[in-house]
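What's counted below: heavy atoms across the whole structure, side chains too, no hydrogens, waters or symmetry copies. What you see is a predicted model, and the numbers here were worked out from it, not measured in a lab.
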There are 2 protein chains.
Amino acid sequence: MPNDNAVIAPQDCADCPIRHRAVCARCEADELDALEQIKYYRSFEAGQTVVWAGDRMDFVGSVVSGIATLTQAMEDGRTQMVGLLLPSDFVGRPGRDGAAYDVVATTDLVMCCFRKQPFEKMMVSTPHISHRLLEMTLDELDAAREWMLVLGRKTAREKIASLLSIVARRDATLKLDTVDGPLVFDLPLTREAMADYLGLTLETVSRQISALKRDGVIHLEGKRHVTVPDFSRLMEEAGDDSDGGMLA
Amino acid sequence: MPNDNAVIAPQDCADCPIRHRAVCARCEADELDALEQIKYYRSFEAGQTVVWAGDRMDFVGSVVSGIATLTQAMEDGRTQMVGLLLPSDFVGRPGRDGAAYDVVATTDLVMCCFRKQPFEKMMVSTPHISHRLLEMTLDELDAAREWMLVLGRKTAREKIASLLSIVARRDATLKLDTVDGPLVFDLPLTREAMADYLGLTLETVSRQISALKRDGVIHLEGKRHVTVPDFSRLMEEAGDDSDGGMLA
DNA sequence: CGCGTCTCTTGATCTGCATCAAAGCAGAAT
DNA sequence: ATTCTGCTTTGATGCAGATCAAGAGACGCG
């Protein structure tokens, strides 16, 4: 329930910066009103855990700003990141009680949440919300399976290039300036988090980033600010189709 | 369209051996009738490709008997299996036109298919089918993410043990004889297919299976027939929680 | 300012798995 | 039987990435 000190001032759904991809994308005015009733915003500081794997999760929602990660852990401490949540991404498992993974804010984070019980009730009466959720879940499944190829078959250098191209692409679509010029963005992850995502060690991540820089595939300003002079070159390094097209 | 020579004699939905997990699990009599109208069965021989990645896929359906795999490939030939379809598993992407991965029959295979267009129409009017699909998709997502941990962080020996325990568990629940005694089953995959699933080479798979046999974790009769004397030992080898519980 | 903490880089060495190579084995065809 | 073919095992060697170790920047704080 929203008796949490992380709950912050409400916003209007129409103002919601992520409305174009989120649950309410196709809602009519009266449905938006209903959603308003069960909606609240929460904010988290970098490093805070949003939910622990196995905990009861009483909401679903989307990331408004900031970055969160989904992580799985083994008892001996080995961890694997299984999802990266950027603004507009959805979190939560309608119809499931517990969280399956740790959800951690890696930067300061604002989330737009819906209380789960009433949300599920709305799903029943509002079929296009169900359909939207199925669509989003299929997207996530595609992304997870694409990542299985990265984890299982790509070299360290290809892994890094794959991650950079995903972040770059997401960043570009958010900014909606799909120019063909150089892409510029800030890495939202530490070397360690990248290693967790890629199934590598942080040393290997650092070395491969240095190598990509040395070879002119990317430029670095400081440790996080990345410039990609030629995106198709990066895609090539990632071992993906060179045509840079979004996957169907 | 079902003008394929692989189409085989129709069966009644009530006889469908997989009805308990399939789409029609909660359907009323009249809904089952409607499903009957758009249903057909297809059979494939071991090695046949069911659909190619990118091809138009005009059906959704479930595996009735046999095994199929979902595989992703890079241009240079490296491949990664991203899903293993056992009897009762669902295939297809409602709302999507193309197949995202190659679907290949690794044994002789029978599938229960529904024509996609009318099936999607039914989804709109029959909400519990949508809900069932969302549930199944979430299950697949969980499985894919669990597999990301296997691919990213486990050793070769742990990978093999993980695969064996998954197959053993699925086999046991199908037979519904959840005795605590030794588990016995046949490996439905070649060493090469196992390697593809696990992100290893077939030589490493073979070596690790030999090692598990040498260490008494499993017994082998021939190349495929496996006996697991102590399932919790296998789970331990897989690096999972020892309590053998299904994940929530 | 110096100090501690965090993140990142780089070097040296080790090792698990890939790669290359050669047989063994079982079922099918001749 | 014999040969073929597909699957599997086992051995020898090499290498990508892990591990161990040492600093280098950047930043906040007393």
B:Phe44 and side-chain contact (heavy atoms from CB on, under 4.5 Å): which partner among B:Thr49, B:Val50, B:Val103, B:Val104? B:Val50

When rounded to the nearest 0.5 angstrom, what distance separates OG1 in B:Thr69 from CG in B:Leu86? 11.0 Å

Just how far is it from atom CD1 of A:Ile67 to atom CG of A:Leu84, taken to the nearest 0.5 Å?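 With rounding to 0.5 Å, CD1 (A:Ile67) is 6.0 Å from CG (A:Leu84).
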
Nucleotide [N], atom [atom2] - distance to [atom1] of [X] in whole Å:
X: A:Lys223; N: D:dC27; atom1: NZ; atom2: P; result: 9 Å
X: A:Leu200; N: C:dT9; atom1: CG; atom2: C1'; result: 16 Å
X: B:Arg78; N: D:dA16; atom1: CZ; atom2: P; result: 13 Å
X: B:Arg207; N: C:dA23; atom1: CZ; atom2: P; result: 16 Å
X: A:Gln208; N: D:dA16; atom1: CD; atom2: P; result: 10 Å
X: B:Leu212; N: D:dT9; atom1: CG; atom2: C1'; result: 15 Å
X: B:Leu220; N: C:dC25; atom1: CG; atom2: P; result: 15 Å
X: B:Leu202; N: D:dT9; atom1: CG; atom2: P; result: 10 Å

So [X], base contact, sugar-phosphate only, or nothing? Heavy-atom distance under 4.0 Å.
X: B:Thr190; result: sugar-phosphate
X: A:Arg157; result: nothing
X: A:Gly47; result: nothing

If you check the B:Arg224 side chain, which of D:dC7, C:dC17, C:dC8 turns out closest?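 Looking only at heavy atoms from C-beta outward on B:Arg224, the closest nucleotide is D:dC7.
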
Would you say A:Arg153's side chain and B:Gln80's backbone share a donor-acceptor pair under 3.5 angstrom?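 Such a contact is absent between A:Arg153 side chain and B:Gln80 backbone.
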
Backbone N/O of B:Ala46 and side chain of B:Asp108: donor-acceptor pair under 3.5 Å: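 Answer holds: yes.
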
Donor-acceptor pair under 3.5 Å: do we get one between A:Glu203's side chain and the base of D:dC20?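 Indeed, a donor on one side and an acceptor on the other fall under 3.5 Å apart.
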
One pair to check against salt bridge (Lys or Arg N to Asp or Glu O under 4.0 Å): A:Arg233 and A:Glu237. What are the steps and the verdict? CA-CA 6 Å; A:Arg233 171 77 193 283; A:Glu237 291 285 352; 3.2 Å; yes

Heavy-atom nearest nucleotide on DNA chain D taken for A:Val205 and for B:Thr204; more 5' hit belongs to B:Thr204

Between the protein and nucleotides 13-15 of chain D, list every N/O to N/O distance that falls short of 3.5 Å.
none

For A:Tyr197, give me all partners under ring pair (Phe, Tyr, Trp, His ring centres under 6.0 Å), at least two apart in sequence or on another chain.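 Applying ring pair (Phe, Tyr, Trp, His ring centres under 6.0 Å) to A:Tyr197 gives A:Trp147.
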
Any B:Thr201 side-chain nitrogen or oxygen under 4.0 Å from OP1 or OP2 of C:dT19: no

